[in-house]
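Each ligand, and each atom within it, is numbered from 1 in the order the structure gives. The residues of the chain are indexed from 1 along the displayed sequence.
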Amino acid sequence: MKKYTWKKASALLLAMALLLSACTSGQPAQGEETTPSTQETVSTPVTDAAEGEVDKSVYMNPEANVEDRIAALLAQMTLEEKAAQMVQAEQSGLDAEAVTKYGIGSVLSGGGSAPLTGNSAENWQERINELKQAALDSRLGIPLLYGVDAVHGNNNVFGATVFPHNIGLGAADNKELITKIGEITASEVRAVGIQWTFAPTLGNPQNERWGRTYECFSERAEDVAGLGAAYIRGFQGTFDSNGYMDNKHVIACAKHFIGEGYTEEGINQGNVAMSPEEFDALLASGVLEPYTYALNENVLTFMVSFNSVDGLKCHENYHLIQELLKNEMGFKGLVISDYNGVQQVSGATYKDQVELAVNAGIDLLMEPYSWEICIQFLVELVEEGRISEERIDDAVSRILWVKFTAGLFEEEIGGAGEQECLAEFGSEEHREVARQAVRESLVLLKNNSIGETTAINALQDCKNIMVVGQKAFDIGSQCGGWTISWEGRSGKTTLGTTIIEGLAKQVGEDVKLSHNVDGNVSSENDAVIVVVGENPYVETGGDRKAENLTVSIKDQELLEALRVSLDALPDRENTPVIAIIIAGRPINITEYMDMFDAVVMAWLPGTEGEGVADVLLGDYDFTGTLKYTWMKSPLDIEKKQEEGNEDLVLFPYGHGLKKDGSGILGNAE
Ligand code: BGC
């Protein structure tokens with residue numbers, strides 16, 4: 001819930017700043033002379049809904065074509081009602097009455113923002129449907145568009161099926177499987193009444209020091225393009241012959257547009273140090289491809305990226321949003337800003353920032369706790385001629401187009417489709433698919449010979465296996481960020497199977513499986529499995545200096561203790577030591593490599609940890625390959641694309657071994 005409190009705090013700060021500016025005689029908000037004081041702005045009432053009969057005959061008629069429905073509705077909307085469609089509020093930041101009063105267009109649950117009544121699918125459904133009903137009770141009854149970050153399953157909701165994060169799905173590289181994951185996620189999102197996921201992320205990170213690397217499939221845009229499109233296909237399903245989405249799928253969101261994987265030093269929300277011309281050339285060289293593929297898949301929404309290009313925030317970049325995405329690429333759906341992203345643009349006051357963002361082409365403003373003042377500013381900006389009515393009508397038409405296309409005007413709140421989805425929420429069937437994804441995402445990085453066989457194959461005959469490390473029984477670390485809470489958390493945060501539970505289920509009855517967290521092994525152990533990696537993080541909280549991009553401090557200590565213990569083993573060379581790495585990116589393990597006979601990169605596998613045992617102990621072989629170049633030292637990450645630096649690379653892009661030690665792509669090391 002930190003995001004939510006932290007972001008709430010930033011909104012409070014903004015409100016305080018505005019208030020302060022109102023109280024200090026003539027001192028404008030955020031320091032600009034021309035800014036109207038809050039006192040003035042707050043006292044400008046948002047006019048009550050227009051009086052008079054509403055004609056719903058066309059816009060509520062599913063037989064009418066969408067363009068006619070939009071026109072019929074738009075013609076009856078007041079400016080205030082249009083402005084209210086253009087904001088997205090956080091569910092914890094408004095009540096049902098406000099939704100009805102203003103005719104609020106959209107609400108989100110940010111990371112970790114569960115209903116006050118508690119985190120169960122039923123409570124989510126109740127809260128969301130309360131807000132959705134409130135929108136229907138407004139004068140025009142325009143349905144509410146509700147969004148959530150279902151980025152690896154409906155991951156905020158306790159008990160949801162949580163899939164591997166995208167970096168693991170990239171390694172699995174199975175488009176049909178990703179489409180299936182998209183469908184299941186859609187169903188678990190619909191189960192709680194939500195119709196929109198802010199996914200998939202389509203960046204191709206060049207520097208894994210970036211805390212969002214795990215949200216991205218691959219360092220190569222060409223991989224991201226195909227996998228992203230397959231995910232969108234799963235989320236949105238196939239539209240019917242009239243162009244409408246069904247009620248078991250969800251609206252997808254191509255995010256974040258654009259350049260986030262190219263910031264200097266991999267800094268989250270940072271700057272891409274290229275001139276606009278150089279950046280355009282980069283986009284043309286392939287980096288745009290994931291987004292054009294998304295368009296071809298009819299993705300209904302795009303989210304703007306926090307980063308800047310040449311010092312200019314994407315949120316105010318007219319060239320990228322209006323000219324490139326909308327005019328050149330022909331995107332017809334809605335463009336949403338990122339969380340408080342409007343507040344990062346260059347305007348001197350919040351009102352200026354709203355003006356800049358909307359005029360750059362943003363249609364829906366994710367302003368979780370500032371939505372009310374934002375509505376008011378939108379109205380004033382039109383009245384002052386700073387935003388044209390055409391721009392507002394364009395934005396609202398796009399929002400309505402998405403709502404019509406997604407079937408929201410025909411949606412029955414809490415209807416049969418939703419109840420069917422709820423009955424399947426977190427089901428065994430869904431978890432089976434997640435487990436398959438875990439199996440396919442594993443990348444065997446190293447598999448040395450032990451006697452006549454390989455370390456992994458040797459494990460099959462071992463009878464006394466010691467599992468070392470706290471991450472072996474840590475569902476929270478397995479899931480990583482964006483799970484139950486925004487940052488994620490170690491420990492028993494949700495339902496699922498840990499890695500050790502999976503191993504325990506699959507070892508033979510004659511095998512002794514023990515576990516410790518201090519790194520002790522004894523001569524009785526004939527195999528060691530050590531599970532180490534990163535602790536959960538999200539966004540900027542995951543940015544790392546090169547020297548810190550390694551396993552957690554606790555796991556460093558564990559590995560040092562394990563080294564001492566292994567060195568004392570009498571039969572060390574015949575004892576396979578297998579490392580399982582739980583991490584959201586390639587991390588520095590170079591200094592530990594000599595301790596391990598085999599290394600399995602498990603990424604952030606999600607709730608179905610038994611997929612690891614399926615491959616380690618079962619009949620499945622490894623099929624995953626690296627979609628990121630893995631450097632020996634994170635200090636050299638920036639050199640990875642340069643030629644002649646092969647010596648700096650620990651494992652190249654495409655690397656991945658099978659149990660017998662051969663390379664999946666024929667490139668065994
Ligand atoms: C992230 C987005 C996310 C949004 C809503 C932001 O902090 O950058 O990816 O969709 O929050 O939770």
> Test: salt bridge (Lys or Arg N to Asp or Glu O under 4.0 Å). Region: residues 246-263. Which pairs qualify, not counting sequence neighbours?
Asp149-Lys255, Lys248-Glu420

> Taking 4.0 angstrom as the limit and counting only heavy atoms of Phe198, give me the atoms of ligand 1 inside it, by number and element.
10 (O)

> Looking at Leu381, Ile373, Leu356, which hits side chain to side chain contact (heavy atoms under 4.5 Å, CB included) with Lys351?
Leu381

> Output all residues satisfying ring pair (Phe, Tyr, Trp, His ring centres under 6.0 Å) with Phe302, sequence neighbours left out; order by chain, then residue number.
Phe257, Phe331

> Can a donor-acceptor pair be found between the side chains of Asp338 and Gln269 at a distance below 3.5 Å?
no

> Do the side-chain N and O atoms of Trp124 and Asn119 include a donor-acceptor pair separated by under 3.5 angstrom?
yes

> Within the structure, is a non-hydrogen atom of Arg212 found at a distance of less than 4.0 Å from ligand 1?
yes

> Going by distance only, is there an N or O of Trp482 that falls short of 3.5 Å from an N or O of ligand 1?
no

> Among His256, Gln269, Met303, Met366, which one has a heavy atom closest to atom 9 (O) of ligand 1?
His256

> Where the closest heavy atom to atom 4 (C) of ligand 1 is concerned, which of Asp338, Leu108, Thr540 has it?
Asp338

> Would you say the side chains of Glu372 and Tyr102 form a donor-acceptor pair under 3.5 Å?
yes

> Provide the number and element of each atom of ligand 1 under 4.0 Å from a heavy atom of Phe306.
7 (O), 8 (O)

> Of all the atoms in ligand 1, which lie at a distance below 4.0 Å from a heavy atom belonging to Lys255?
2 (C), 3 (C), 9 (O), 10 (O)

> Touching ligand 1 at all, Trp486? Heavy atoms, strictly under 4.0 Å?
no

